[in-house]
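For reference, the structure is listed below as structure tokens.
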Protein chains: 2
Amino acid sequence: MLKTRTKSKFKEFLLNQGLKSTQQRELILEEFLRAGSHLSTEDLYLRLRKKNPRIGYATVHRTLKLFAECGIAEQRHFGDGQARYEASDQDEHHDHLICVTCGRIVEFEDPRIEQLQVEVAAEHGFSIERHRLELYGFCSDCRQA
Amino acid sequence: MLKTRTKSKFKEFLLNQGLKSTQQRELILEEFLRAGSHLSTEDLYLRLRKKNPRIGYATVHRTLKLFAECGIAEQRHFGDGQARYEASDQDEHHDHLICVTCGRIVEFEDPRIEQLQVEVAAEHGFSIERHRLELYGFCSDCRQA
DNA sequence: TTTAAATTGAAATCCGTTTTCAAACGGATG
DNA sequence: CATCCGTTTGAAAACGGATTTCAATTTAAA
């Protein structure tokens with residue numbers, strides 16, 4: 001999604017919820033969109049501190065939760081005990097490949113897998129609302145080493 | 001895997017590692033195998049307390065980690081911030097369907113999905129070591145309600 | 001037995017997340 | 001603008017599950 005589009009979506013959300021548009025929230029969204037995906041609260045907090053030391057961890061934390069609530073970000077857990085956030089691609093869904101050596105995270109999408117998931121769930125009487133698929137292994141760089 | 005087989009595998013593991021076979025470890029393994037899968041440390045601890053109040057949380061925690069190390073149990077995370085353990089089925093791998101309403105967890109396995117995962121990973125230069133696939137949705141009971 | 005090393009359990013500590021609360025801010029209103 | 005009220009902020013405290021500490025106990029080898 002376009003950055004401007006995302007920003008206005010957030011502002012609209014704030015308005016609807018009776019929340020206020022503040023300097024911090026704008027800065028945080030700005031940096032969140034600039035930075036790559038899969039950042040932890042800590043990651044984003046540190047990036048923001050470099051440019052603006054007067055920003056608190058709690059605010060970053062709360063704002064990321066707002067992003068998730070608003071639908072412009074999604075929270076993820078990759079097993080290292082830290083929550084990470086990524087910008088949502090709206091309708092576009094994707095899963096993750098994670099290199100267990102270097103920590104590199106690659107996104108992918110495969111409609112065939114998605115289809116099979118629906119089928120398998122149905123066989124067990126389930127209807128799927130969402131799913132999580134993570135493949136852990138070695139990326140090309142780390143396999144050679 | 002047979003309970004007796006699992007127990008001897010654990011004893012063997014302890015021996016190899018220069019660790020000791022203790023009353024607590026036996027009790028914990030016994031109860032772990034008796035109880036259903038997907039228990040948190042707390043769950044197992046409480047069950048054990050009922051029968052034997054002289055068992056500590058720390059010991060349950062440490063013993064479950066030993067089980068995982070030994071290969072007779074696997075640690076899982078289902079997003080509620082609590083680690084859960086399940087007995088490993090050796091070669092048998094399975095994934096999970098989780099009902100978001102009642103919390104029911106159903107295990108399933110689909111070789112077609114597994115195969116596609118390997119293919120997709122290869123397309124990105126990855127070799128897979130393990131994966132996690134969780135489908136969240138509504139089970140047949142909860143869908144009707 | 002005796003002994004050295006491993007184990008135990010209560011309590012303390014860790015560490016990421018979340019909440020508290022007084023001060024600062026946003027923005028609606030006169 | 002100036003005022004006011006509800007929202008937000010950030011530092012610090014609280015939280016919660018996981019993990020470690022340490023003195024007392026248990027294991028099993030000698």
Side-chain angles (χ1 to χ4, degrees), chain A residues 7 10-32 38-70 73-85 103, chain B residues 10-32 38-70 73-85:
Chain A
K7 287 182 192 173
F10 185 52
K11 283 208 171 161
E12 197 181 326
F13 169 80
L14 292 177
L15 217 57
N16 286 342
Q17 306 285 314
L19 303 178
K20 291 176 177 174
S21 181
T22 69
Q23 208 179 322
Q24 284 91 333
R25 285 175 178 164
E26 289 186 16
L27 278 172
I28 294 169
L29 179 52
E30 185 72 43
E31 187 64 31
F32 175 67
H38 313 118
L39 302 106
S40 65
T41 307
E42 179 83 15
D43 290 341
L44 190 54
Y45 170 66
L46 290 176
R47 289 183 64 119
L48 283 157
R49 288 293 280 206
K50 286 186 187 161
K51 298 174 182 171
N52 187 338
R54 337 180 94 278
I55 210 153
Y57 182 94
T59 303
V60 177
H61 167 78
R62 284 183 289 228
T63 305
L64 280 171
K65 288 218 306 190
L66 281 182
F67 292 170
E69 225 180 301
C70 162
E74 277 166 51
Q75 196 189 52
R76 304 237 173 232
H77 290 267
F78 293 116
D80 63 350
Q82 233 177 81
R84 292 175 184 282
Y85 290 85
Chain B
F10 185 51
K11 284 208 170 162
E12 197 181 329
F13 168 80
L14 292 176
L15 215 59
N16 287 340
Q17 306 284 315
L19 302 178
K20 290 174 178 173
S21 181
T22 71
Q23 209 180 321
Q24 284 92 333
R25 285 177 178 163
E26 289 186 17
L27 277 171
I28 294 170
L29 179 51
E30 185 72 43
E31 188 63 32
F32 175 68
H38 313 120
L39 302 106
S40 65
T41 306
E42 181 82 14
D43 290 339
L44 190 55
Y45 169 66
L46 291 177
R47 290 181 64 118
L48 282 157
R49 287 294 279 208
K50 285 183 188 164
K51 299 175 184 174
N52 186 337
R54 339 179 94 277
I55 211 153
Y57 181 95
T59 303
V60 177
H61 167 78
R62 284 183 289 226
T63 305
L64 280 170
K65 289 218 307 188
L66 281 182
F67 291 170
E69 225 181 300
C70 162
E74 277 167 52
Q75 197 189 50
R76 306 238 172 230
H77 291 267
F78 293 116
D80 64 348
Q82 228 177 87
R84 291 175 186 282
Y85 290 84

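Quick caveat: nothing in here was measured; it's all calculated off a predicted structure. Chain identifiers are assigned alphabetically (A, B, ...) following the order of the sequence lines, protein sequences preceding nucleic acid strands; residue numbering begins at 1 within each chain.
By the salt bridge (Lys or Arg N to Asp or Glu O under 4.0 Å) test, A:Arg49 is found to be paired with no residue, residues two or more places apart in sequence or in another chain being considered. Residues satisfying the salt bridge (Lys or Arg N to Asp or Glu O under 4.0 Å) test with B:Glu26, not counting sequence neighbours, are B:Lys11.
Heavy-atom minimum distance, A:Tyr45 versus A:Ile55: CE1-O, 3.4 Å.
Contact annotation: the side chain of A:Glu31 never approaches that of A:Leu27 to less than 4.5 Å [non-hydrogen atoms, C-beta and beyond]. In this structure, A:Arg25 and A:Leu29 have side chains that are not in contact, with every pair of non-hydrogen atoms separated by 4.5 Å or more. Using a 4.5 Å cut-off on side-chain heavy atoms (C-beta onward), B:Arg84 and B:Asp43 make contact. Taking the side chain as every heavy atom from C-beta outward, B:Leu14 and B:Thr22 never approach each other to under 4.5 Å.
Residues from residues 41-56 of chain B with heavy atoms under 4.0 angstrom of DNA chain D: there are none. Near-neighbour residues of DNA chain D inside residues 15-23 of chain B, defined by a heavy atom below 4.0 Å, number-ordered: B:Lys20, B:Ser21.
To the nearest angstrom, C1' of C:dG9 lies 14 Å from CZ of B:Arg25. Taking atom CG on A:Asp80 and atom C1' on C:dT17, their separation rounds to 14 Å, with Å as the unit. Regarding A:Arg76, its CZ atom lies at a distance of 16 Å from the P atom of C:dT17, rounded to whole Å. The separation between A:Glu69 atom CD and C:dT18 atom P is 13 Å, rounded to whole Å. Rounded to whole Å, the distance from CD on A:Gln24 to C1' on C:dA23 is 13 Å.
Between A:Arg62 and the phosphate of C:dT18, there is no side-chain N or O to OP1/OP2 separation shorter than 4.0 Å. One finds a side-chain N or O of A:Tyr57 lying less than 4.0 angstrom from the OP1 or OP2 phosphate oxygen of C:dT17.
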Hey, can you pull the donor-acceptor pairs under 3.5 Å for the side chains in residues 56-69 of chain B, sequence neighbours left out?
unit_1  : atom_1 : unit_2  : atom_2 : d
B:Arg62 : NE     : B:Ala58 : O      : 3.4
B:Thr63 : OG1    : B:Thr59 : O      : 2.6

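Contacts between chain B and DNA chain D, taken as any atom within less than 4.0 angstrom of a protein heavy atom, begin and end at D:dG17 to D:dA28.
At most 12 heavy atoms of other shown residues, nucleotides or ligands fall within 6.0 angstrom of atom CD in A:Gln23. Around NZ of A:Lys50, the count of heavy atoms belonging to other residues, nucleotides or ligands within 6.0 Å does not exceed 12.
In this structure, CD on A:Gln82 lies 7.0 Å from CD on A:Glu42, to the nearest 0.5 angstrom.
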